[in-house]
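The structure under discussion appears below in the form of structure tokens.
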Number of protein chains: 2
Amino acid sequence: MVRKPATLKDVAALANVSRATAARALNSYGYVGGETAQKVQAAAEKLGYRGNRLAQALRSGQLPIVGCILGDIQNPFFARIAHDIEVLARECGHNLVIGSSEEELAQEISLLASLRSLSIRGFIVAPTSQGNNAHLQGLIDEDVPLVLIDRVAEGVDCDSVVVDNEGGARKAVEYLIGMGHNRIGLLQDDMRIFTSRERRSGYRSALAAAGIAADDRMVAVSQSTVEHAVDATIRLFSQKSPPTSLFTVDSLMTQGALLAFRSMGVSIPHDVSLIGFDDFNLATFTDPQITVVSQPVSEIGRAAARVLFERLAGKDGAPQKIRFETKLIVRGSVSRRSVI
Amino acid sequence: MVRKPATLKDVAALANVSRATAARALNSYGYVGGETAQKVQAAAEKLGYRGNRLAQALRSGQLPIVGCILGDIQNPFFARIAHDIEVLARECGHNLVIGSSEEELAQEISLLASLRSLSIRGFIVAPTSQGNNAHLQGLIDEDVPLVLIDRVAEGVDCDSVVVDNEGGARKAVEYLIGMGHNRIGLLQDDMRIFTSRERRSGYRSALAAAGIAADDRMVAVSQSTVEHAVDATIRLFSQKSPPTSLFTVDSLMTQGALLAFRSMGVSIPHDVSLIGFDDFNLATFTDPQITVVSQPVSEIGRAAARVLFERLAGKDGAPQKIRFETKLIVRGSVSRRSVI
DNA sequence: AATATATGTGAGATCGATCTCACATCGTCT
DNA sequence: AGACGATGTGAGATCGATCTCACATATATT
């Protein structure tokens with residue numbers, strides 16, 4: 001029952017022509033007699049011939065696969081992006097290899113090396129690290145198309161798709177300040193991560209503009225998972241004089257903060273005000289609904305894929321740096337606080 | 001600046017040996033002189049040689065990649081599974097290609113064909129369809145390892161990892177009945193989908209056991225996304241005599257139902273009781289917390305990957321049919337109803 | 001000393017598809 | 001009639017790694 005897939009040789013034999021002719025007939029290039037072409041088509045049909053993409057790739061040097069290295073597919077933000085990229089890739093006749101760096105530079109590097117040895121055509125990467133991006137520069141040096149997504153990497157000059165993190169964070173914090181808050185907490189993930197740095201920078205600049213001194217006790221750092229965020233929030237709010245409001249840098253952390261507040265019996269927005277970066281499905285179900293800075297998630301993956309496939313199609317030119325705006329969506333998780 | 005990656009030939013030339021010897025030195029097989037081996041290693045090192053996996057694969061007939069076709073990576077259930085598979089694959093020196101069938105059989109078939117032409121080593125598939133599984137049978141006929149996940153396909157005899165859908169659904173509905181409900185709604189996705197059928201079957205058998213007649217007006221069908229579930233729920237509860245309780249077959253639909261109830265001003269559990277299949281992060285944050293039937297999501301992907309890699313390692317034997325138990329987690333979204 | 005065995009190495013075939021080149025066979029134009 | 005272009009086709013090289021086979025040496029055994 002174990003029959004090997006048919007090869008071009010088989011097709012050629014069945015059609016009584018040479019491999020070269022069979023190839024011409026199937027890929028329609030060069031001169032092929034009409035009748036011959038038919039014979040070959042028929043033979044291919046009968047054998048269920050379906051070219052070996054590996055062999056084709058060996059010859060052409062390129063496998064019709066694009067690689068995608070993200071922080072974590074479990075994060076709905078990245079899941080959405082991965083999905084959109086996959087859809088576009090399929091439309092372009094490519095498949096998608098996914099790797100998760102788990103925010104470890106070493107992992108990212110080894111994953112990339114492993115994918116490169118596959119002669120993959122192009123990459124979309126959400127780089128983990130700030131500096132140390134020789135592995136990414138290496139791609140560029142060898143003219144392998146690379147699109148950075150969600151984050152840019154220092155000193156790596158290539159296409160990128162990001163959002164206005166700093167501006168979004170600033171809007172959020174300015175809104176809190178405008179509502180009378182001055183003890184504003186920040187729940188962020190690791191400083192190695194670009195978005196985390198930018199969002200913190202927006203947080204800081206909003207504070208500075210309002211003349212509020214930065215205070216490290218107002219800042220908690222955790223990994224970007226619901227569980228870690230719960231712990232970090234509890235720690236942050238167990239201090240003697242905790243923040244009166246909290247800005248969280250992504251939706252998983254927002255959810256973690258929500259769960260933490262519930263477990264601590266802290267009421268939102270009565271006891272603490274909350275505002276998150278990145279919208280999420282249940283943000284409007286919770287009571288109160290959660291005020292967030294939203295980013296156009298559905299655009300990001302598509303934009304990155306579009307740029308990548310343009311490059312694969314041979315488009316030259318200066319790197320495209322796409323940056324989407326963010327939007328403050330006011331709901332009910334922030335309350336006005338009379339200044340004391 | 002564009003230097004091609006070094007090939008074995010380059011290494012051999014630099015080390016002044018033949019390609020064969022270089023290969024032997026690098027892969028340590030056959031006889032190689034100690035000194036020669038060193039020279040080759042050094043040359044490889046200097047050139048940054050890193051074998052072309054494509055060429056290796058063409059020769060061996062197999063690319064160290066496993067394919068994974070799921071319904072939708074955006075579903076946190078599948079995202080979790082994909083993540084776990086990716087981690088295990090990496091440990092086994094493989095990469096992961098992901099495709100989304102979007103619950104379309106045609107898509108699943110074409111995706112599988114496209115991945116097969118890559119000479120991928122094995123597959124993990126969540127089959128969309130009930131019958132019509134010739135494409136899956138084709139894999140088995142050619143001895144390509146295949147593990148079905150979350151769902152099994154009729155007439156396809158291979159490894160599989162599923163949960164006790166029927167039992168889980170029965171537990172949920174029995175619990176509702178025990179709480180005095182007899183107008184029990186079901187929000188399910190397409191009947192083509194295995195889990196949907198099984199969970200409905202559990203729903204039906206619980207009703208039947210309690211002597212409650214099945215009523216099609218109590219059943220709503222929608223795609224498995226939050227948005228579609230919102231609409232379906234609203235339709236279901238806009239009838240003259242709507243259900244007094246609802247069982248939803250997955251977490252996205254549960255979230256959709258929650259949003260729908262909120263928008264309709266229906267209070268849980270006062271007006272309507274709700275119980276969902278598959279737990280989710282915010283289930284304990286909502287007010288009330290949501291009662292669910294949980295499945296061991298973190299086990300499923302890992303189990304499937306483990307089985308797949310055992311097969312890839314050459315393990316023979318009868319198909320493994322793994323089936324995990326589900327667990328009813330009682331929280332606060334179901335209220336006792338006095339029988340009228 | 002002669003044969004057997006262990007140890008190293010290289011030439012060339014192979015995987016499957018593609019592409020260049022050479023060689024046909026037509027028709028057409030001067 | 002001879003020549004040139006258009007049209008069709010096949011032989012063989014190529015992509016890069018691997019593996020078989022043949023051929024060397026060196027060491028061991030009788």
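First the proteins, then the strands, lettered A, B, ... as listed; each starts at 1.
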Using atom names, set out every protein N or O paired with an N or O of nucleotides 5-7 of chain D below 3.5 Å, distance rounded to 0.1 Å.
| from | atom 1 | to | atom 2 | distance (Å) |
| --- | --- | --- | --- | --- |
| dT7(D) | OP2 | Y31(A) | OH | 3.3 |

Nucleotides 23-25 of chain C: which of its N/O atoms have a protein N/O under 3.5 Å away?
none

Exercise for the section: Considering only NZ, NE, NH1 and NH2 on the basic side and carboxylate oxygens on the acidic side, decide whether D72(B) and R80(A) come within less than 4.0 Å. Expected result: no
Problem - Pairing of K321(A) and D159(A) as salt bridge, 4.0 angstrom limit - result: no
Exercise for the section: Give, for atom CD1 of I73(B) and atom NE2 of H83(B), the distance between the pair rounded to the nearest 0.5 Å. Expected result: 13.5 Å
Exercise for the section: Treat primed atoms plus P, OP1 and OP2 as sugar-phosphate and everything else as base, then score nucleotides 15-20 of chain D 5' to 3': B for base contact with protein heavy atoms under 4.0 Å, S for sugar-phosphate contact only, - for none. Expected result: BBBBB-
Exercise for the section: Check whether the side chains of S119(B) and Q62(B) place a donor and an acceptor atom closer than 3.5 Å, and report yes or no. Expected result: no
Exercise for the section: Go through the side-chain N and O atoms of S129(A) and R192(A) and say whether any donor and acceptor fall under 3.5 Å apart. Expected result: no
Exercise for the section: Before accepting this row, confirm whether a basic side-chain N of the pair E86(B)/R90(B) lies closer than 4.0 Å to the acidic partner's carboxylate O. Expected result: yes
Fill in the blank from the handout: When rounded to the nearest 0.5 Å, the distance separating CG of L70(A) from CD of E103(A) is 9.5 Å
Exercise for the section: Return the value, rounded to whole Å, for the distance between atom NZ of K39(A) and atom C1' of dT9(D). Expected result: 11 Å
Handout entry: Between T195(A) and R151(A), a side-chain donor and acceptor under 3.5 Å
Key = no
Practice task
State whether T21(A) places a side-chain N or O below 4.0 Å from either non-bridging phosphate oxygen (OP1 or OP2) of dG10(D).
Solution key: yes
Exercise for the section: For Q137(A) and D141(A), test the side chains for any donor-to-acceptor distance below 3.5 angstrom and give the result as yes or no. Expected result: yes
Exercise for the section: Assess the side chains of S114(B) and N95(A): does a donor N or O sit below 3.5 Å from an acceptor N or O? Expected result: yes
Exercise for the section: Tell me what T36(B) touches on the nucleic acid: a base, only sugar-phosphate, or nothing, going by heavy atoms under 4.0 Å. Expected result: sugar-phosphate
